[in-house]
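One structure is given here, and the rest of the page talks about it.
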Amino acid sequence: MSKKPSIPKGTRDFNPEEVSKRNYIFNVIKETFSLYGFQPIETPSFENSETLMGKYGEEGDRLIFKILNSGDYLSKVDEKVYSEKDSNRITPQISEKALRYDLTVPFARYVVQHQNEITFPFKRYQMQPVWRADRPQKGRFREFYQCDADVVGSTSLWQEVEFVQLYDAVFSKLGLKGVAIKINNRKILSGIAETIGAEDKLIDFTVALDKLDKIGEEGVKKEMREKGISEAALQKLQPLFSLKGCNDEKLTSLNGLLGGSQLGMAGVEELRFITRNIKTLGLQTASLEIDVTLARGLNYYTGAIFEVSAPSEVNMGSIGGGGRYDDLTGIFGLPDMSGVGISFGLDRVYLVLEELNLFPETVSENSKALFINFGEKEAVYAMKAITNLRSVGIKAELYPDATKMGKQMGYADKRNIAFTILAGEKEMEAQSYTLKNMKSGEQSQMDFPELEAFLKS
RNA sequence: GUGGUUGUAGCUCAGUUGGUUAGAGCGCUUGAUUGUGGUUCAAGAGGUCGCCGGUUCGAACCCGGUCUUCCACCCCA
């Protein structure tokens with residue numbers, strides 16, 4: 001057993017069926033991105049460490065896969081640093097490159113680097129794997145795909161409106177009904193922190209608030225107290241926990257709560273614009289819900305924050321997220337470039353569709369028909385037909401060996417090929433083919449035009 | 001990073017207080033069936049019990065370490 005080869009923790013192999021299903025999701029997302037005017041780019045799977053390090057917080061830095069330098073990398077290490085055995089200080093000396101951790105930061109780097117060639121607003125999509133040195137668990141892998149669409153160079157809230165539509169379009173096409181797109185605004189979170197006098201504890205405050213649906217009101221309050229948020233502040237926060245009703249009602253309540261905060265009010269206005277227009281335009285199957293407890297990616301979001309959760313019955317966490325960041329390219333020296341984007345987690349969407357049995361049967365990239373091999377002369381006859389079928393786009397193949405028929409049938413059966421075609425001496429004489437439906441067992445003899453027409457339908 | 005969990009045939013799993021030769025179902029191969037698969041029947045192949053070490057007359061079973069699986073927390077897609 002131990003001698004068997006294996007793959008690293010948190011990685012996966014994909015069999016033909018799985019790849020077909022993944023491609024199906026991939027294509028739906030790609031087509032939708034394209035339909036909304038986004039254009040594809042790709043970036044390298046690894047970047048210079050300084051491009052990535054420090055962009056995702058302390059936790060993120062730990063999760064970045066570092067690539068060891070080539071050659072005698074230890075010889076260049078500073079003696080003193082080496083003797084101290086401090087990993088954090090040695091790492092930059094032995095590793096100058098790191099695997100891509102997400103698609104947003106490389107995109108920011110791309111925009112800054114290519115700013116003179118880019119026409120703004122720039123709408124790009126990108127669907128590539130990313131790597132994180134996380135401990136794997138349900139729906140969490142060390143190598144997984146993200147599908148991102150972002151716009152940079154426009155502060156228009158119509159972008160946010162379109163992203164909500166885009167989420168709705170993709171999940172509707174995938175047959176994932178009733179998805180809730182949750183939306184919040186970083187400005188509201190800052191505004192609340194301001195009103196309760198906890199600006200300096202914004203991160204602690206939002207991280208705790210984010211857990212509301214998991215640990216409940218009391219749990220959140222307990223965590224906030226532990227982080228040093230005063231009892232008076234918690235008192236002021238009370239209306240937040242009982243925020244109810246439709247989006248409009250929530251916004252009205254928030255207005256009251258945020259009375260003193262200009263920033264908070266601005267956030268409310270932004271949300272009002274988005275929800276109002278979505279209401280006017282309508283959504284196919286998804287719904288848009290304001291959720292003030294939503295607090296993701298605070299490291300760079302400055303305006304709207306999106307999150308799409310998997311349906312509650314599958315227990316998967318978020319399958320997509322995004323938001324607006326006013327200053328993403330600032331860290332690379334290009335200030336005042338506002339951007340907004342969303343991301344789909346391909347692997348999690350896959351797990352959700354699989355669990356809910358939502359993959360259409362037609363995603364298979366399997367052959368439509370297998371020709372039985374009766375020997376050399378018959379194989380030539382079959383190959384002529386196969387060549388013609390392929391030229392009109394019908395997937396067909398010949399069983400490579402002239403073995404016993406039972407074996408060839410069994411092969412078609414196991415590969416789930418819908419039809420087998422018998423072309424032996426009998427058929428050759430009549431210039432015909434015997435087509436067998438592997439599901440029903442029915443057989444019928446026909447000439448080539450009939451065969452082609454049948455397989456094409 | 002913290003806590004737990006798992007590992008026995010290709011797959012899913014049994015395996016007694018530590019005791020001869022480690023089992024089942026499914027799958028696989030062959031045959032019944034020389035132009036018919038999925039059903040049935042018969043026969044057969046297949047395992048260094050994750051790995052390393054320890055305790056013991058004796059270990060799949062007990063102990064330690066290690067890797068792996070899955071799960072929760074943290075964080076995230």
Side-chain angles (χ1 to χ4, degrees), chain A residues 1-12 25 29 56-64 87 100-104 127-148 203 206-208 210-211 214-215 219 223 294-299 306-310 315-323 341-352 370-375 378 399 402-428 433-443 445:
Chain A
M1 290 297 274
S2 70
K3 293 228 175 83
K4 258 200 219 163
S6 65
I7 54 174
K9 187 201 286 200
T11 64
R12 296 150 299 158
I25 302 173
I29 295 174
Y56 310 98
E58 213 177 297
E59 177 79 6
D61 280 359
R62 190 169 62 77
L63 297 179
I64 292 173
S87 305
R100 182 168 59 212
Y101 177 86
D102 73 353
L103 299 179
T104 308
M127 309 172 70
Q128 291 188 280
V130 301
W131 295 269
R132 296 184 187 178
D134 220 340
R135 291 256 295 252
Q137 54 178 277
K138 186 173 188 189
R140 174 182 293 182
F141 310 100
R142 293 184 138 188
E143 176 183 62
F144 62 96
Y145 269 79
Q146 286 192 332
C147 311
D148 278 29
I203 300 280
T206 50
V207 165
D210 192 41
K211 293 179 188 162
K214 213 168 202 170
I215 58 178
E223 184 164 332
L294 180 60
R296 329 222 96 216
L298 279 166
N299 286 324
F306 297 109
E307 181 179 271
V308 182
S309 297
N315 180 31
M316 181 68 64
S318 94
I319 53 177
I342 58 165
S343 175
F344 291 85
L346 178 94
D347 303 82
R348 286 189 180 177
V349 171
Y350 180 101
L351 290 172
V352 169
L370 178 80
F371 281 70
I372 302 295
N373 191 332
F374 287 100
E378 293 88 341
Y399 191 87
T403 54
K404 279 190 301 190
M405 238 184 117
K407 193 171 168 147
Q408 301 192 39
M409 286 286 182
Y411 178 77
D413 200 41
K414 244 162 251 156
R415 276 208 30 206
N416 230 333
I417 295 175
F419 300 98
T420 47
I421 292 161
L422 287 69
E425 221 172 313
K426 267 193 326 205
E427 285 84 359
M428 280 173 77
Y433 304 86
T434 299
L435 178 111
K436 177 178 174 120
N437 182 326
M438 293 302 279
K439 221 172 207 161
S440 65
E442 282 173 75
Q443 286 184 202
Q445 206 166 333

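FYI, side chains are in, hydrogens and waters are out, and symmetry mates aren't considered; it's all heavy atoms of this structure. Lettering follows sequence order; numbering is per chain, from 1. Predicted model, so just to flag it, every value in this text is computed and none were measured.
Between the side chain of A:Gln408 and the base of B:rG35, no donor-acceptor pair under 3.5 Å is found. Donor-acceptor pairing under 3.5 Å, judged by distance alone, is present between the side chain of A:Gln443 and the base of B:rU36. Side-chain atoms of A:Lys9 stay outside donor-acceptor range of the base of B:rU68, with no qualifying N/O pair under 3.5 Å. Taking 3.5 Å as the limit, the base of B:rG38 and the side chain of A:Asp413 contain no donor-acceptor pair of atoms between them. For a distance-only test at 3.5 Å, the side chain of A:Lys407 fails to qualify as a donor-acceptor partner of the base of B:rG37. Taking only distance into account, the side chain of A:Arg140 never meets the base of B:rC71 through a donor-acceptor pair shorter than 3.5 Å.
Backbone-only engagement by A:Ile319 is indicated by non-hydrogen atom pairs under 4.0 Å involving sugar-phosphate atoms exclusively. The residue A:Glu143 sits apart from the nucleic acid: no heavy atom pair falls under 4.0 Å.
Looking at A:Gln443 and A:Thr434, their side chains never bring a donor and an acceptor atom within 3.5 Å of each other.
Taking atom CZ on A:Arg132 and atom C1' on B:rC75, their separation rounds to 9 Å, with Å as the unit. The CZ-P distance, from A:Arg135 to B:rG1, rounds to 7 Å in whole Å.
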When you compare the protein's N or O atoms with those of nucleotides 25-28 of chain B, which come within less than 3.5 Å of each other, and at what distance?
unit_1, atom_1, unit_2, atom_2, d
B:rC28, OP1, A:Lys414, NZ, 2.9

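Only one option out of A:Ile25, A:Leu346, A:Ile342, A:Leu103 pairs with A:Cys147 in a side-chain contact (heavy atoms from CB on, under 4.5 Å); it is A:Leu346.
Base-pair partner of B:rU20: not found among the strands shown (Watson-Crick or G-U wobble, both distances under 3.5 Å). Of the nucleotides present, B:rU40 is the one that pairs with B:rA32 by Watson-Crick or G-U wobble criteria, both distances under 3.5 Å. Summarising the base pairing, B:rA59 is matched to no nucleotide, lacking a Watson-Crick or G-U wobble pair whose two defining distances lie under 3.5 Å.
Close to B:rG31, at under 4.0 Å from its OP1 or OP2, lies a side-chain N or O of A:Lys404. Contact annotation: A:Lys436 side-chain N/O to B:rG35 OP1/OP2 distance is not under 4.0 Å.
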Test A:Asp347 against A:Arg12 for side-chain contact (heavy atoms from CB on, under 4.5 Å), laying out the working first.
CA-CA 11 Å; A:Asp347 303 82; A:Arg12 296 150 299 158; 2.7 Å; yes

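Residue ring and nucleobase are not stacked for A:Tyr411 and B:rG37 under a centre distance beneath 5.5 angstrom and an angle between planes beneath 30°.
With distances taken from any side-chain atom of A:Lys426 to the nucleotides B:rG35, B:rC74, B:rA77, the minimum falls on B:rG35.
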